[in-house]
Amino acid sequence: MKKAQKQDSHPGTGGELHQQTNADHPPLTTQQGVVISDNQNSLRAHPQGPTLLEDFILREKITHFDHERIPERVVHARGTGAHGFFELTHSLEQYTTAKVLTEVGVKTPVFSRISTVAGGSGSSDTPRDVRGFAIKFYTSQGNWDIVGNNVPVFFIQDAIKFPDLIHAVKMEPDRGFPQAASAHDTFWDFISLTPESMHMVMWIMSDRTLARSLRMIEGFGVHSFRLLDAAGHSTFVKFHWRPKLGLQSTVWDETVKIAGADPDFHRRELFDVLSAGEVAEWEFAVQLFTQAEADKFPFNHLDATKLIPEELVPLQVIGRLVLDRWPDNFFAETEQVAFCPSHLVPGIDFSNDPLLQGRLFSYLDTQLSRLGTVNFEQIPINAPKCPFAHQQRDGHMQMAKPAGRVAYEPNSLSPDSPRADRTTGFVSVALDEGGERGRVRAASFADHYSQARQFWISQSEPEQAHIASALVFELSKVAHPHVREAMVSHLLVIDEVLGQRVADGLGLEELPAPATPAQPVQSMLPSAALSIIGNAKDTLEGRCVGILVADGSDGKTVAALKKAVQAAGARVKIVAPRIGDVVLANDKRLAVDGQLAGTPSVMFDAVALVLSEDAGKALCREAAAVDFVRDAFGHLKAIAADAGAKALLKAASVKSDAGVVDADDHQAFVVAASTRQWVREKSVRTLA
């Protein structure tokens with residue numbers, strides 16, 4: 001191999017820079033392929049003179065840099081994406097002609113983007129917010145996008161209200177804050193005047209919007225769609241994603257501290273997991289029902305503020321989604337990917353959900369603005385992987401080179417130009433849509449409180465306390481008393497106890513009169529599917545455990561804990577007062593993954609403390625160490641501690657309970673770490 005030759009730069013052409021040339025490196029060029037001789041200095045009239053406008057290398061480089069940021073998404077700006085595949089395990093061939101839903105065993109490539117809604121692209125990963133859950137299937141019949149959320153319902157029933165909703169929840173225009181937060185006047189003012197939002201309010205104030213990991217959230221298509229069979233008969237369908245690792249959320253105090261410790265917490269975790277060869281996986285399930293069955297529902301399934309309880313229409317698991325590869329380039333893929341609910345394949349069709357109908361226009365229109373061209377589908381991440389041919393031409397950023405004189409259809413001049421195909425092409429469901437036009441909603445859309453109440457009564461005691469406390473926190477940020485009182489009046493309709501708890505938390509001396517429902521509130525049974533705690537898996541699989549060590553720690557105890565935790569499916573990170581290595585009691589060195597002050601316990605699902613007696617006493621004087629333990633206990637996590645760590649437990653005011661175990665009892669720690677210690681919560685914080 002030829003050695004690189006070092007060339008000392010001359011004074012005035014780069015200072016101390018040493019330029020390298022090496023046969024193994026391709027030459028640096030402009031976008032036009034012109035090889036660049038000097039990438040360190042712009043062209044000047046003389047060494048101390050002005051830069052010349054003719055420097056095309058400088059102009060190209062700076063111009064491209066100036067335009068590296070495309071307009072961010074109005075909503076869902078903060079997102080994380082990954083590649084993977086969808087595998088069908090049970091065919092729906094009796095309901096649809098869509099091959100992606102009929103060909104068992106076929107692995108269809110996908111790209112998924114999971115995002116927050118309210119914040120900008122520079123906001124943190126962990127605010128209280130809905131998570132967008134979008135999947136692009138690169139099927140053999142064309143691209144199919146499911147553009148959903150981690151919540152099955154939405155704030156509004158009609159798309160005409162979407163700009164108002166987003167204007168209300170975004171930062172207030174006269175002050176530019178708060179960023180990525182709903183705890184402010186304009187949001188709650190809008191919500192208090194929009195009773196149809198009450199069901200969604202219960203979801204966003206629940207732990208559903210405080211995700212522990214992107215791998216531990218559910219996904220929902222939100223709307224009803226239709227499946228069409230070969231004869232044109234349709235069946236309604238709702239789409240669901242259920243995480244293999246089970247549901248898990250954080251508690252509010254933990255969420256706030258995660259945002260400060262690592263604003264990229266969710267994105268970093270998924271990156272680390274995929275980089276280590278692990279995967280994120282969900283079951284794909286459907287709810288199928290006919291028009292006759294829908295007519296008997298005590299609600300209108302075309303109303304996006306309603307869900308279909310699983311007890312009414314059970315979920316059928318038909319496949320799995322696996323994300324296994326991080327993008328090669330974040331901007332080119334995660335930022336430029338364009339999802340549209342209007343992207344369907346033959347065998348799938350829309351319903352008359354008025355929110356969905358508006359989204360069919362809005363998403364395409366948004367991509368044209370955001371990506372700047374009708375040719376955004378030519379960007380590799382958006383392009384189908386199946387054969388395609390059309391007569392669309394020209395436009396801004398046209399990348400293709402269509403040949404021939406014909407760009408229209410029908411034509412008689414080009415025997416091999418594309419034609420419509422009635423046999424395999426997309427067909428819409430045949431419906432009789434007769435009726436009187438008007439700006440009106442179906443009367444069945446008017447029940448705004450029944451499912452909100454069902455959600456509330458379906459929650460466990462800790463979850464109800466979290467919802468009530470979240471409402472108190474958010475409404476306490478509202479400066480206008482009449483808005484707070486209006487919200488309490490709605491909550492009293494949902495549940496009198498809930499309304500009273502929130503009123504007490506807000507210090508209202510008198511309860512406002514309950515709101516007047518447009519329709520009587522129905523009595524609905526609790527639904528077990530709506531609780532996170534009830535559906536969480538007691539497991540360490542996919543979780544992360546932090547072990548706090550220092551010089552003099554017992555290496556055998558550390559090794560045994562690490563082995564037990566990893567055998568249970570969790571990752572382990574070693575935390576110490578300093579980065580680098582620590583010297584264990586047996587004089588062996590142990591590599592450290594994180595420095596104590598920069599790796600707080602909020603980063604982990606459980607913690608272990610393995611310290612010498614001297615180190616334990618010394619760390620009692622270190623606030624970061626005391627907070628490491630105090631926060632783990634306050635966030636209801638399991639703690640394993642050896643004899644040397646007892647002093648630190650005492651300094652952090654940790655009291656013994658089922659979640660605090662001896663570091664030598666590895667299996668007891670694994671069991672305790674597999675769930676939150678919910679019984680502990682009443683002893684560590686006051687909730688509404």
Side-chain angles (χ1 to χ4, degrees), residues 80 82 84-85 87 112 114 207 211-219 241-251 254 258 262 265-284 317 320-326 532-549 556-575 590-591 593-594 599 601-610 632 635-640 658-678:
T80 297
F85 64 87
E87 181 179 12
S112 177
I114 304 176
D207 294 343
R212 158 62 183 86
S213 164
L214 300 182
R215 299 182 296 152
M216 300 172 193
I217 62 173
E218 286 186 298
W241 304 102
R242 300 201 301 194
K244 181 181 178 182
L245 296 177
L247 296 171
Q248 184 169 325
S249 296
T250 56
V251 295
E254 180 184 16
I258 289 173
D262 186 2
F265 181 69
H266 288 153
R267 183 177 294 177
R268 189 188 310 277
E269 195 234 19
L270 187 60
F271 175 85
D272 289 346
V273 165
L274 299 187
S275 298
E278 300 178 47
V279 301
E281 184 171 343
W282 288 262
E283 292 179 331
F284 183 51
V317 177
R320 66 188 186 116
L321 168 72
V322 176
L323 302 182
D324 56 10
R325 181 167 64 86
W326 190 259
I532 288 183
I533 293 178
N535 289 284
K537 293 184 177 181
D538 290 348
T539 179
L540 266 180
E541 185 180 359
R543 276 61 172 174
C544 188
V545 173
I547 303 179
L548 177 61
V549 300
K556 290 184 178 179
T557 301
V558 173
L561 281 168
K562 186 174 182 179
K563 181 179 179 180
V565 168
Q566 290 178 331
R571 293 174 293 136
V572 174
K573 289 191 176 183
I574 304 298
V575 181
L590 177 66
D593 299 307
T599 317
S601 62
V602 294
M603 313 299 287
F604 306 112
D605 296 282
V607 299
L609 317 173
V610 183
H635 299 151
L636 318 180
K637 298 173 183 178
I639 301 174
V660 181
V661 302
D662 191 282
D664 290 327
D665 195 343
H666 317 132
Q667 291 309 311
F669 178 58
V670 167
V671 171
S674 297
T675 184
R676 297 262 182 173
Q677 306 300 309
W678 296 111

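These figures come from a predicted structure and were not determined experimentally.
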Check your understanding: Please walk me through it: do R571 and E278 pass side-chain contact (heavy atoms from CB on, under 4.5 Å)?
Key -> CA-CA 11 Å; R571 293 174 293 136; E278 300 178 47; 3.7 Å; yes
**Study point:** Audit row: T557, D664, side-chain contact (heavy atoms from CB on, under 4.5 Å) steps and yes/no
**Key:** CA-CA 7 Å; T557 301; D664 290 327; 3.7 Å; yes
Practice item. Tell me, with the steps shown, if L245 and T539 meet side-chain contact (heavy atoms from CB on, under 4.5 Å). Key: CA-CA 8 Å; L245 296 177; T539 179; over 6 Å; no
Review point. F604 and V575: side-chain contact (heavy atoms from CB on, under 4.5 Å), yes or no, with the steps?
Key: CA-CA 11 Å; F604 306 112; V575 181; 3.7 Å; yes
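The two atoms that bring L274 and A280 nearest to each other are CD2-N, 4.3 Å, heavy atoms only. Nearest heavy-atom pair across H266 and A211 is NE2-O, 2.8 Å. Looking at every heavy atom in both residues, V558 comes nearest to V610 through CG2-CG1, 3.7 Å. Here the shortest heavy-atom pairing between R242 and V317 reads NH2-CG2, 3.6 Å. For the residue pair K573 and C544, the shortest heavy atom distance occurs at CG-SG, 4.1 Å. Taking every heavy atom of both residues into account, A82 and L270 meet most closely at CB-CD2, 4.4 Å.
Here W282 contributes atom CH2 and S112 contributes atom OG; the two are 6.0 Å apart, rounded to the nearest 0.5 Å. D662 CG to F669 CZ: the interatomic distance, rounded to the nearest 0.5 Å, is 11.5 Å. Atoms OG1 and CZ, from T80 and R267 in turn, are 4.0 Å apart once rounded to the nearest 0.5 Å. Atoms CG and CD1, on L247 and I532 in that order, are 5.5 Å from each other to the nearest 0.5 Å. The CG atom of L561 lies 5.0 Å from the CD1 atom of I547; values are rounded to the nearest 0.5 Å. From W678, atom CH2 reaches atom CD1 of I533 across 4.0 Å, with rounding to the nearest 0.5 Å.
Counting only heavy atoms from C-beta outward, the side chains of L321 and F284 never approach each other to under 4.5 Å. Considering only heavy atoms from C-beta on, D593 stays 4.5 Å or farther from T599 through its side chain. In this structure, V671 and V661 have side chains that are not in contact, with every pair of non-hydrogen atoms separated by 4.5 Å or more. With a 4.5 Å cut-off on side-chain heavy atoms, V607 and L548 do not count as touching. Counting heavy atoms from C-beta outward, V279 and L323 have side chains that stay 4.5 Å or more apart.
One finds a salt bridge joining E269 and R212 here, because a Lys/Arg side-chain nitrogen approaches an Asp/Glu carboxylate oxygen to under 4.0 Å. With salt bridges taken as basic N to acidic carboxylate O contacts below 4.0 Å, none links K637 and D605.
Remark: the R543 side chain and the Q248 side chain contain an N/O donor-acceptor pair separated by less than 3.5 Å.
Residues forming a salt bridge (Lys or Arg N to Asp or Glu O under 4.0 Å) with R320 (at least two apart in sequence, or on another chain): E87, E281.
Of the possible donor and acceptor atoms, one in the side chain of R215 sits under 3.5 Å from a partner among the backbone N and O of G542.
Paired with Q566 under the rule side-chain contact (heavy atoms from CB on, under 4.5 Å), one option of L540, V572, V545 passes, and it is V572.
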